[in-house]
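A short worksheet on the structure shown next.
Only this structure's heavy atoms are used, side chains among them; waters, hydrogens and symmetry mates stay out.
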Amino acid sequence: MAPRVLAGPVFTAVSVRPPSTSTATKETFHCVACGHSAHADTVGALNVLRAGLVRREAQPA
């Protein structure tokens, strides 16, 4: 999937894979598609933020 620019940072959707192929350790996330590595909690927080922003745009308050 192509990166999606929201209000600054670029978020990339990644497919869910078993831990043996997507992460080196439980603390570090490593994307097998693009090679991006970051702390797993940071990646998770960004994914939650992205999902919330998408929902907010889809459902007017």
Exercise for the section: Answer yes or no: is there a side-chain heavy-atom contact under 4.5 Å between His39 and Glu27? Expected result: yes
Exercise for the section: Mind checking the CG-CZ spacing from Asn47 to Phe29? Nearest 0.5 Å is all I need. Expected result: 7.5 Å
Completion exercise
By side-chain contact (heavy atoms from CB on, under 4.5 Å), Ala51 pairs with (sequence neighbours left out) none
Exercise for the section: Please name the pair of heavy atoms, one in Gly35 and one in His30, separated by the smallest distance, quoted to 0.1 Å. Expected result: O-CE1, 3.4 Å
Problem - side-chain hydrogen bond (donor to acceptor under 3.5 Å, both in side chains) against Thr42, all qualifying residues, sequence neighbours excluded - result: none
